[in-house]
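Index from 1, following the sequence.
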Amino acid sequence: MARLKTAPTGESVEQFLQEITDEGQREDCRSLEKLMRAITGDPPRMWGASIVGFGSYHYRYASGREGDWFLTGFSPRKKNLTLYIMSGFAGYEALLKKLGKHRTGKSCLYVKRLSDLDPATLRELIAQSVKHVAQRYP
């Protein structure tokens with residue numbers, strides 16, 4: 001079976017964050033690091049070259065595919081800050097309406113700046129997602 005390209009590395013999260021050239025995005029990432037650490041109780045780890053992940057779980061699908069992934073995380077991208085909401089967004093419609101300016105993918109929340117979001121709603125969305133994934137994959 002093929003290995004996932006994105007896996008935990010031994011690279012320094014602090015070094016990665018220091019190298020973010022956009023000061024606003026760097027500060028947003030530091031805020032997310034604190035928030036996600038508080039929610040998961042886990043320290044950040046680099047997953048691949050550009051994702052900061054927190055916690056982990058092992059999944060196994062009916063197809064036989066399996067692997068390890070992080071409970072939540074983020075990645076500063078050129079156009080957006082990407083937050084990983086691993087439970088997806090089904091069932092979170094009310095929170096998304098209150099969240100603020102964002103776009104979503106399957107499990108990605110795309111934002112320009114954290115200041116575009118309601119902080120309490122963001123915290124609740126991440127916390128509910130982490131709880132859901134941890135219960136689904138004990």
Student: Is there a side-chain contact between Leu109 and Thr82 (heavy atoms, below 4.5 Å)?
Tutor: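 Side-chain contact under 4.5 Å: no.
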
Student: For a 4.5 angstrom cut-off between non-hydrogen side-chain atoms, does Ser56 reach Phe70?
Tutor: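 They are not in contact (no side-chain heavy atoms under 4.5 Å apart), so the answer is no.
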
Student: Are the side chain of Asp28 and the backbone N or O of Leu114 linked by a donor-acceptor pair below 3.5 Å?
Tutor: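 Yes, Asp28 side chain to Leu114 backbone: donor-acceptor pair under 3.5 Å.
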
Student: Between Arg113 and Asp22, is there a side-chain N and carboxylate O pair less than 4.0 Å apart?
Tutor: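 Asp22 and Arg113: salt-bridged.
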
Student: Side chain of His132, backbone of Val130: donor and acceptor closer than 3.5 Å?
Tutor: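 Pair absent, no side-chain N/O of His132 close to backbone of Val130.
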
Student: Assess whether a salt bridge exists between Glu14 and Arg30, defined as any Lys/Arg side-chain N lying under 4.0 Å from an Asp/Glu carboxylate O.
Tutor: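 Salt bridge flag = yes for Arg30 with Glu14.
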
Student: Keeping the roles fixed (side chain from Lys112, backbone from Lys79), state whether a donor-acceptor pair exists under 3.5 Å.
Tutor: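 Yes; at least one donor-acceptor contact below 3.5 Å.
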
Student: Run Arg26 and Thr21 through side chain to side chain donor-acceptor pair (under 3.5 Å) and show every step you take.
Tutor: CA-CA 7 Å; Arg26 186 172 53 250; Thr21 56; over 6 Å; no

Student: In terms of side-chain heavy atoms, does Glu19 have a donor or acceptor partner in Gln15 at a distance below 3.5 Å?
Tutor: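 Short answer, yes.
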
Student: Between Arg37 and Glu33, is the closest basic N to carboxylate O distance under 4.0 Å?
Tutor: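 Salt bridge flag = yes for Arg37 with Glu33.
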
Student: For His58 versus Gly67, what's the shortest heavy-atom pair and its separation?
Tutor: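 Nearest pair, atom of His58 first, then Gly67: ND1-O, 3.2 Å.
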
Student: My understanding is that only one of Pro76, Ser12, Cys29 makes a side chain to side chain contact (heavy atoms under 4.5 Å, CB included) with Leu17; could you say which?
Tutor: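 Result for side chain to side chain contact (heavy atoms under 4.5 Å, CB included) with Leu17: Cys29.
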
Student: Can you establish whether the number of heavy atoms outside Glu23 located under 6.0 Å from its atom CD is more than 12?
Tutor: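 No.
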
Student: Looking only at non-hydrogen atoms, find the nearest pair between Thr6 and Gly48 and report the distance.
Tutor: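 Heavy-atom minimum between the residues: CG2-N, 4.1 Å.
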
Student: Does some side-chain heavy atom of Thr9 sit less than 4.5 Å from a side-chain heavy atom of Arg45?
Tutor: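 No, every pair of side-chain atoms sits at 4.5 Å or beyond.
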
Student: I'd like to check Leu125 versus Leu96 (side-chain heavy atoms, cut-off strictly below 4.5 Å). Are they in contact?
Tutor: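 Heavy-atom side-chain distance check passes, below 4.5 Å.
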
Student: Could you check whether any side-chain heavy atom of Ile126 comes within less than 4.5 Å of a side-chain heavy atom of Met36, counting everything from C-beta outward?
Tutor: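 Side-chain contact under 4.5 Å: yes.
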
Student: List the atom of Val52, the atom of Met46, and the distance in Å for their closest heavy-atom pair.
Tutor: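 Val52 and Met46 have their closest heavy atoms at CG2-SD, 3.8 Å.
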
Student: Less than 3.5 Å apart, any donor N or O on the side chain of Ser87 or Tyr92 sitting next to an acceptor on the other?
Tutor: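 Yes, side-chain donor-acceptor contact under 3.5 Å.
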
Student: Taking the side chain as everything from C-beta on, heavy atoms only, tell me whether Thr40 gets closer than 4.5 Å to Thr72.
Tutor: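 Yes - at least one pair of side-chain heavy atoms lies under 4.5 Å apart.
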
Student: Are any of the side-chain heavy atoms of Leu122 and Leu35 separated by less than 4.5 Å?
Tutor: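 Yes, close enough: below the 4.5 Å cut-off.
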
Student: At their closest point, which heavy atom of Gly100 faces which heavy atom of Leu117, and how far apart are they?
Tutor: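 Scanning both residues, the minimum pair turns out to be C-CD2, 4.2 Å.
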
Student: Judged by atom type as modelled, is there a donor-acceptor pair below 3.5 Å linking the side chain of Gln18 to the main-chain atoms of Phe16?
Tutor: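 Answer holds: no.
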
Student: Please give me the minimum heavy-atom distance between Tyr137 and Arg60, naming the atom from each residue.
Tutor: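 Scanning both residues completely, I find the closest heavy atoms to be CE2-N, 4.4 Å.
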
Student: Consider ring pair (Phe, Tyr, Trp, His ring centres under 6.0 Å). Of Phe74, Trp69, Tyr84, which one does Trp47 pass it with?
Tutor: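 Single ring pair (Phe, Tyr, Trp, His ring centres under 6.0 Å) partner of Trp47 among Phe74, Trp69, Tyr84: Trp69.
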
